[in-house]
2 protein chains.
Amino acid sequence: MSAKQPLGFDAHDHSACITDGVAAADDYCTRLGVQLTPVRRRVLEILLEAHRARGAYEILDILRAEGLGAQPPVAYRALDFLTKHGFVHKIERLNAFIACAHPGQSHAAAFLICRSCEAVAESMGQGALDGPAAAAGFQIESEVMEAEGLCPKCREDTP
Amino acid sequence: MSAKQPLGFDAHDHSACITDGVAAADDYCTRLGVQLTPVRRRVLEILLEAHRARGAYEILDILRAEGLGAQPPVAYRALDFLTKHGFVHKIERLNAFIACAHPGQSHAAAFLICRSCEAVAESMGQGALDGPAAAAGFQIESEVMEAEGLCPKCREDTP
DNA sequence: TTGATAAACGTTACTCTATAACATATCAAC
DNA sequence: GTTGATATGTTATAGAGTAACGTTTATCAA
């Protein structure tokens, strides 16, 4: 079994992910007049630190250790806020959360989840269910698209 | 690509859904030499009775009332079996389960979930994530595609 | 500046979802 | 009939999520 790789599938300047992610949230909140409070900011940072999904209770443990909140609602409220405003996505398959890789851009998010190293890549897959929905007369309000399998790195490492 | 009409929102001979679903499972299990035990058969029937998703504990309540099992693992084991063999799908968005509308046919299942009446339609959407996955060198093993919104009936009823 | 209002936080307590672990039973094959 | 695989029964617990309440903090208007 291969080691967990904290980055996405591609090598990239990861410090920029965190900096840019928080900056984008900051700008957005200022423009809309909503608050990026310490707990919300910290939760976003925690999720930006890794290109993998983290459970609400895993996040809560970190918050608790840092004195930012000890009970589940603290984590869930921050996650709700960040999700509502598009900075965080929920991975339904994992009951876990991940920072958005394209903050600010409206998009139907799709995810590729590696079952070996737990890396998660976000793709801006557009409306895969639009065809069937139109045929059925169904009005889509939100979409979940998630694939589980092996990332390029783990395909080599684990034959 | 021709969009197939998803099953579930339209009127149809529903008794055939149950009969055919159980018969298909029976045939399959006979051919593969696996057992469609009373609990497994009953769970499949329960899910075939409605084109909506039911939680494991909702199913368990029925099993318990019928003397077929009282503890969670009983329901989860039956659901695992049925899911593994393709007779039941899990709706990740709802943490619930639904009978497969196309038993026996290998397919990547996609679901349209009505938030008003809770009806769930299954569409045989094929490989919506194939493109992004190929581009990333990602090997897909399983896929989740779920859309939530309003079904045709509820669009009229709830304007 | 103060008072009203909304937004956010802190905590308790609980529900729902899911599985680990172990004992018992059933059935097929040798 | 013993063995090994498969399935069930049960206890206990872990993990995920929320309702409800009171307190605090921010925002904005008078």
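All chains are named by letter (A, B, ...) in the order of the sequence lines, taking the proteins before the strands, and each is independently numbered beginning at 1.
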Does anything in residues 68-88 of chain B reach DNA chain D, meaning a heavy atom under 4.0 Å, and if so which residues?
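By residue number: B:L68, B:Q71, B:P73, B:V74, B:R77.
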
Are a donor atom and an acceptor atom from the side chains of A:R93 and B:S142 found within less than 3.5 Å of each other?
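There is such a pair between these side chains.
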
Would you please say whether a donor-acceptor pair under 3.5 Å links the side chains of B:H102 and B:E122?
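On atom types as modelled, these side chains do not qualify, holding no pair under 3.5 Å.
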
Audit row: B:D27, B:R31, salt bridge (Lys or Arg N to Asp or Glu O under 4.0 Å) steps and yes/no
CA-CA 6 Å; B:D27 288 353; B:R31 278 203 311 281; 5.1 Å; no

Taking the side chain as C-beta and beyond, is there a heavy-atom pair between A:L47 and A:I98 under 4.5 Å?
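No; the side chains remain at least 4.5 Å from each other.
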
Indicate the atoms forming the closest heavy-atom contact of A:A70 with A:R64, along with that distance.
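Here A:A70 and A:R64 meet closest at O-NH2, 2.6 Å.
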
Over all atoms of both residues, closest heavy-atom pair of B:L150 and B:R115:
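Taking B:L150 first and B:R115 second, the nearest heavy atoms are CD1-NH2, 3.7 Å.
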
Return the value, rounded to whole Å, for the distance between atom [atom1] of [X] and atom [atom2] of [N].
X: A:L60; N: D:dT18; atom1: CG; atom2: P; value: 14 Å
X: A:F97; N: D:dG15; atom1: CZ; atom2: P; value: 16 Å
X: B:I59; N: C:dC16; atom1: CD1; atom2: P; value: 15 Å
X: B:Y57; N: C:dT19; atom1: OH; atom2: P; value: 10 Å
X: A:R54; N: D:dG17; atom1: CZ; atom2: P; value: 16 Å
X: B:R93; N: C:dC16; atom1: CZ; atom2: P; value: 20 Å
X: B:E92; N: C:dA18; atom1: CD; atom2: P; value: 8 Å
X: A:N95; N: C:dT19; atom1: CG; atom2: P; value: 10 Å

Pair B:R42 + B:E49, salt bridge at N-O below 4.0 Å:
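Salt bridge flag = yes for B:E49 with B:R42.
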
On DNA chain C, nearest-nucleotide positions of B:E58 versus A:V39: which is more 5'?
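Result: A:V39.
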
Derivation and outcome, salt bridge (Lys or Arg N to Asp or Glu O under 4.0 Å), residues B:E58 and B:R52
CA-CA 12 Å; B:E58 189 184 343; B:R52 67 178 186 90; 3.0 Å; yes

Hey, which of these two, B:G67 or A:L94, hits DNA chain D nearer its 5' end, going by closest nucleotide?
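So the residue in question is B:G67.
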
Heteroatom pairs (N/O) under 3.5 angstrom, protein to nucleotides 24-30 of chain D:
none

Counting side-chain heavy atoms from CB outward, which of D:dG17, C:dA18, D:dT8 is closest to B:K90?
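In terms of side-chain proximity for B:K90, the closest of D:dG17, C:dA18, D:dT8 is C:dA18.
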
Is the side chain of B:R40 donor-acceptor paired with the backbone N or O of B:Q35 at a distance under 3.5 Å, no angle test?
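Pair found, side chain donor or acceptor close to backbone of B:Q35.
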
